[in-house]
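A quick write-up on the structure given underneath.
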Amino acid sequence: MNPDSIAFLSSDTPESREAAAVLSALYGQEAIEEAETIVALGGDGFMLQTLHRFMNTGKRIYGMNRGSIGFLMNDFREDGLRERIAAAEAETIRPLRMLTEDMNGEVTEAFAINEVSLFRQSYQAAKIAIHVDGKERLAELICDGVLLATPAGSTAYNLSAQGPIIPIDAPLLALTPVSPFRPRRWRGALLPNQVSVTFTVQEPVKRPVNAVADHTEVKSVRSVRIEEARDATATILFDGSHSWDERILAEQFRY
């Protein structure tokens, strides 16, 4: 790969497509296979898709925000792009590996950069048992759902569910309930990132549950096992003036 080569990818929005056209004219468009750096133009959802697509390829992903929130993105500017990429700070992401077994006994594997979430599929609350490294930690969580988030995903859905924000280099995962009914006061747990977490759905026919790893959804699961994928990595680039560490720290002082 050419170390100075750039390829532009955009989401389907008009703003993203227009930005890709302008930047390609300014800096050239390398073939995807040959580019060292992929510039992703869109929002956080598109960035997640891009990170999944180029996992374990050695390519670096530099995002520029053409969406709404853009927590995973750098600010959009047309000038000085090569200099910004050269000065950017790299963060290596290790996703979660989700293994589900559904009501038919079918096993599905998927990866999550942000979080793995379980959601009730019907009007009735879910009943879920939680094991950590094979040891039962919660015999029955009655809830709308539960999730396990990486540091990268701790400021996303996890934060909306009142879960903790985790510094990007902390070896931790956030286990967070969604609208817990019993135990009502349980607010979740911080776990070492080396553990294996298993969610077992109780009464899966009467109280069906779906499992979601980023953009992959599996319906009517019986059990879900989650652990850090130590053999999978993705690399994301941030401007040094607004690093991921700074974003996560600043997020904790918002109100």
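Keep in mind the model is a prediction, meaning the values are calculated, not measured.
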Check: Other than Leu190, what residues sit in its cluster of Ile, Leu, Val, Met, Phe, Trp and Tyr side chains whose heavy atoms are under 4.5 Å apart, directly or through others?
Finding: Ile166, Leu172
Next item on the list: Not counting sequence neighbours, which residues clear salt bridge (Lys or Arg N to Asp or Glu O under 4.0 Å) with Arg97? List them please.
Entry: Glu109, Asp231
Next item on the list: Compute whether any side-chain donor of one residue and acceptor of the other, for Gln194 and Arg230, lie under 3.5 angstrom apart.
Entry: yes
Check: Are any of the side-chain heavy atoms of Ser122 and Pro208 separated by less than 4.5 Å?
Finding: yes
Check: Can you name the residues that form a side-chain hydrogen bond (donor to acceptor under 3.5 Å, both in side chains) with Asp169, not counting sequence neighbours?
Finding: none
Note to self: For residues 141-157, which residue pairs pass the salt bridge (charged side-chain N to carboxylate O under 4.0 Å, His left out) check, not counting sequence neighbours?
What the structure shows: Arg120-Asp144
Next item on the list: If you link ILVMFWY side chains whenever their heavy atoms are less than 4.5 Å apart, which other residues fall into the same cluster as Val146? By chain and number, please.
Entry: Leu96, Met98, Val116, Leu118, Ile128, Ile130, Val132, Leu138, Leu141, Leu148, Leu173, Leu175, Trp186, Leu191, Val195, Val197, Phe199, Val201, Val209, Val218, Val221, Val224, Ile226
Next item on the list: Would you indicate whether the side-chain heavy atoms of Phe54 and Leu9 approach each other to under 4.5 Å?
Entry: yes
Next item on the list: Kindly give the cluster partners of Phe119, where membership spreads through any ILVMFWY side chain lying under 4.5 Å from a current member.
Entry: Leu147, Tyr157, Val178, Val212
Note to self: Just to verify, what does Asp79 make a side-chain hydrogen bond (donor to acceptor under 3.5 Å, both in side chains) with, not counting sequence neighbours?
What the structure shows: none
Next item on the list: Could you tell me which residues satisfy ring-ring contact (aromatic ring centres under 6.0 Å, His included) with Phe111, sequence neighbours excluded, listed by chain and number?
Entry: none
Next item on the list: Find the distance between CE (Met103) and CD (Glu106) and round it off to the nearest 0.5 Å.
Entry: 13.5 Å
Margin query: Show me the pairs that pass ring pair (Phe, Tyr, Trp, His ring centres under 6.0 Å) and involve residues 18-39, at least two apart or across chains.
Written below: none
Notebook entry, point to check: Rest of the hydrophobic cluster containing Val107 (Ile/Leu/Val/Met/Phe/Trp/Tyr, side-chain heavy atoms under 4.5 Å)?
Noted result: Leu99
Margin query: Hydrogens and angles aside, do Ser196 and Asp133 bring a side-chain donor and acceptor to less than 3.5 Å of each other?
Written below: no
Next item on the list: Applying salt bridge (Lys or Arg N to Asp or Glu O under 4.0 Å), name anything that partners Arg225, two or more places apart in sequence or on another chain.
Entry: none
Next item on the list: Taking side-chain hydrogen bond (donor to acceptor under 3.5 Å, both in side chains) as the test, write out the residues that go with Asp214, two or more places apart.
Entry: His52
